Chemist: 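Would you mind keeping the following structure in view while I ask a few things?
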There are 2 protein chains.
Amino acid sequence: MQHTSHIDALDQQILRVLTKDARTPYAEMAKKFGVSPGTIHVRVEKMRQSGVIEGTKVRINERKLGYDVCCFIGIILKSAKDYDTVIKKLQTFDEVVEAYYTTGNYSIFIKVMTHTIEELHGVLANKIQLIDEIQSTETLISMQNPILRDINP
Amino acid sequence: MQHTSHIDALDQQILRVLTKDARTPYAEMAKKFGVSPGTIHVRVEKMRQSGVIEGTKVRINERKLGYDVCCFIGIILKSAKDYDTVIKKLQTFDEVVEAYYTTGNYSIFIKVMTHTIEELHGVLANKIQLIDEIQSTETLISMQNPILRDINP
DNA sequence: CTTGAAACAAAGGCAAG
DNA sequence: CTTGCCTTTGTTTCAAG
């Protein structure tokens, strides 16, 4: 399976627009890029087929929903072989929004979002640290998120 | 400024659907939730006005674009007062897709995406480590990303 | 606040250049 | 691969419940 798709300049321009607003009318892009709306449609459909475009989603302001706490937790496992088990358990916690398998000090690195610091403590004490296979954790609380964007295609 | 908006059960259901697919027809949601398409429209518009919904975007498969390397870098500053300066400089590097101001071992914590390990080395050596105000960095390479999702509204 | 119908706009399909 | 037309589908508006 070849995993790098052929993206030309037009595809790239389309992606740049759609990563900012997935509902941009094809006619608008067509005009801007000097092609017909049909062409935009064909290109988008091709990128969807090839898997470059996986779908669309609304961007939600978590703060407005009351999610004020964002943190990263480095997890050290008792044994590397427990990786899959731990991921499965982490997956059941809605507060764990991202997980990475990493080199370096930690085996697993996760991002957690909660409404309050108290809730974060709860997630740590009553959920994460109750996972048997975890030896220890280290927490980085995020106070601010000055950069959040996508790859510039 | 009150920052937690009033989200009722219907709003929540709508958000759950739209975070998975921003282009779900209003008529489809209306049928599923037992209300009229007009109501869905009103609710979505209200959440857009209040800022809960910030916009829409396509989800891109970075791997298909050749971005195979994802890593986190913990940055230690020479002096905490240089925070803004450093963020501004980081912002000019497209490869830096996220940045956080954190408590703990690092002052700034960033996520970087590149095509290859060589490119990552280049970003580190020729961009990030050339920033005067940075004292040292620590890199966590992500080998896998088993969880990636949004807050469950 | 919700509804349903009517007007409008965009997307999807298709045959031809 | 691109285009323009045509059909279908979805969104938006609005007067009324």
Side-chain angles (χ1 to χ4, degrees), chain A residues 1-66 150-153, chain B residues 1-66 150-153:
Chain A
M1 170 193 173
Q2 153 211 329
H3 61 180
T4 310
S5 307
H6 289 295
I7 298 291
D8 72 4
L10 178 58
D11 293 330
Q12 225 169 77
Q13 288 178 301
I14 293 171
L15 285 179
R16 288 208 183 117
V17 170
L18 291 182
T19 47
K20 295 204 185 68
D21 181 1
R23 313 193 72 151
T24 310
Y26 292 180
E28 187 182 320
M29 287 191 273
K31 197 178 158 193
K32 188 186 259 174
F33 304 147
V35 295
S36 84
T39 300
I40 304 290
H41 178 241
V42 169
R43 296 304 192 92
V44 171
E45 207 47 44
K46 196 162 294 177
M47 291 193 280
R48 202 180 289 279
Q49 294 305 337
S50 72
V52 170
I53 294 178
E54 292 185 321
T56 64
K57 65 174 196 181
V58 294
R59 286 186 297 114
I60 288 191
N61 185 328
E62 301 99 346
R63 295 278 157 115
K64 297 264 167 132
L65 288 182
D150 290 287
I151 276 298
N152 197 4
Chain B
M1 170 194 173
Q2 154 212 328
H3 59 181
T4 311
S5 307
H6 290 295
I7 298 292
D8 72 5
L10 178 58
D11 294 330
Q12 224 170 77
Q13 288 178 301
I14 293 171
L15 285 179
R16 289 207 182 120
V17 170
L18 291 182
T19 46
K20 295 202 184 69
D21 180 1
R23 313 193 72 149
T24 310
Y26 291 0
E28 187 182 319
M29 287 190 274
K31 199 177 156 192
K32 188 188 257 174
F33 304 148
V35 295
S36 86
T39 300
I40 303 291
H41 180 242
V42 168
R43 295 304 192 93
V44 170
E45 208 46 44
K46 195 161 295 177
M47 290 193 281
R48 201 181 289 279
Q49 293 306 336
S50 72
V52 171
I53 293 178
E54 293 185 321
T56 64
K57 66 175 194 179
V58 294
R59 287 185 298 115
I60 287 189
N61 184 329
E62 300 100 346
R63 295 278 158 116
K64 298 265 167 130
L65 288 182
D150 290 288
I151 276 298
N152 196 5

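Quick note on labels: first sequence line is chain A, next is B, and so on, each numbered from 1. All values reported here derive from a predicted model rather than from experimental measurement.
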Chemist: B:Met29 CE to D:dT11 C1': how many Å, rounded?
Modeler: 11 Å
Chemist: State, with a plain yes or no, whether a side-chain heavy atom of A:Val44 is found less than 4.5 Å away from one of A:Leu18.
Modeler: yes
Chemist: Locate the shortest heavy-atom distance separating A:Arg59 from A:Lys20; write the atom from each residue and the value.
Modeler: NH2-O, 4.3 Å
Chemist: Closest approach to the side chain of A:Pro25, judged atom by atom: which nucleotide of D:dT3, D:dT12, C:dA11 is it?
Modeler: C:dA11
Chemist: Side-chain N or O of B:Arg43 less than 4.0 angstrom from OP1 or OP2 on C:dC1?
Modeler: no
Chemist: Taking the side chain as every heavy atom from C-beta outward, state whether A:Met47 and B:Ile60 have any atom pair closer than 4.5 Å.
Modeler: no
Chemist: Ignoring backbone atoms, establish whether A:Ser36 has a side-chain N or O less than 4.0 Å from OP1 or OP2 of D:dT3.
Modeler: yes
Chemist: Would you mind telling me which of A:Asp21, A:Thr56, A:Thr19 makes a side-chain hydrogen bond (donor to acceptor under 3.5 Å, both in side chains) with B:Thr56?
Modeler: A:Asp21
Chemist: Rounded to whole angstroms, how far apart are CD1 on A:Ile14 and C1' on D:dT2?
Modeler: 13 Å
Chemist: In dot-bracket form, 5' to 3', how is DNA chain D paired? Count Watson-Crick and G-U wobble pairs only if both distances fall under 3.5 Å, and write | where the partner sits on another strand.
Modeler: |||||.|||||||||||
Chemist: Judged by each residue's nearest nucleotide on DNA chain C, which is more toward the 5′ side, B:Val35 or A:Ala27?
Modeler: B:Val35
Chemist: Would you kindly give the CZ-to-C1' distance between B:Phe33 and C:dT2, to the nearest whole Å?
Modeler: 16 Å
Chemist: Would you please confirm or rule out a distance under 4.0 Å between OP1 or OP2 of D:dT11 and any side-chain N or O of B:His41?
Modeler: no
Chemist: For a 4.5 angstrom cut-off between non-hydrogen side-chain atoms, does B:Thr24 reach B:Ile14?
Modeler: no
Chemist: How close or far is atom C1' of C:dT2 from atom CD of B:Glu45, stated in whole angstroms?
Modeler: 16 Å
Chemist: Tell me: CG of A:Leu10 to C1' of D:dC1, nearest whole Å?
Modeler: 11 Å
Chemist: Rounding to a whole Å, what distance do you find between B:Asp11:CG and C:dC1:P?
Modeler: 11 Å
Chemist: Roughly how far, to the nearest 0.5 Å, is NZ of B:Lys46 from CZ of B:Arg48?
Modeler: 14.5 Å
Chemist: Starting at atom CD of B:Glu28, determine the distance to atom C1' of D:dT11, rounded to an integer number of angstrom.
Modeler: 15 Å
Chemist: For D:dT9, take OP1 and OP2 only and decide whether either is under 4.0 Å from a side-chain N or O of B:Arg23.
Modeler: no
Chemist: Can you confirm whether B:Pro153 sits close enough to B:Ile7 that some side-chain heavy atom of one is under 4.5 Å from a side-chain heavy atom of the other?
Modeler: no
Chemist: Does A:Thr24 or A:Val42 map to a spot on DNA chain C nearer the 5' end, using the closest nucleotide for each?
Modeler: A:Thr24
Chemist: When you match A:Pro37 and A:Lys46 each to their closest nucleotide on DNA chain D, which lands nearer the 5' end?
Modeler: A:Lys46
Chemist: Given D:dT2, C:dG12, C:dT3, identify the nucleotide with an atom nearest to the side chain of A:Thr39.
Modeler: D:dT2
Chemist: Output the rounded distance in Å from NE2 (A:His6) to P (D:dC1).
Modeler: 12 Å
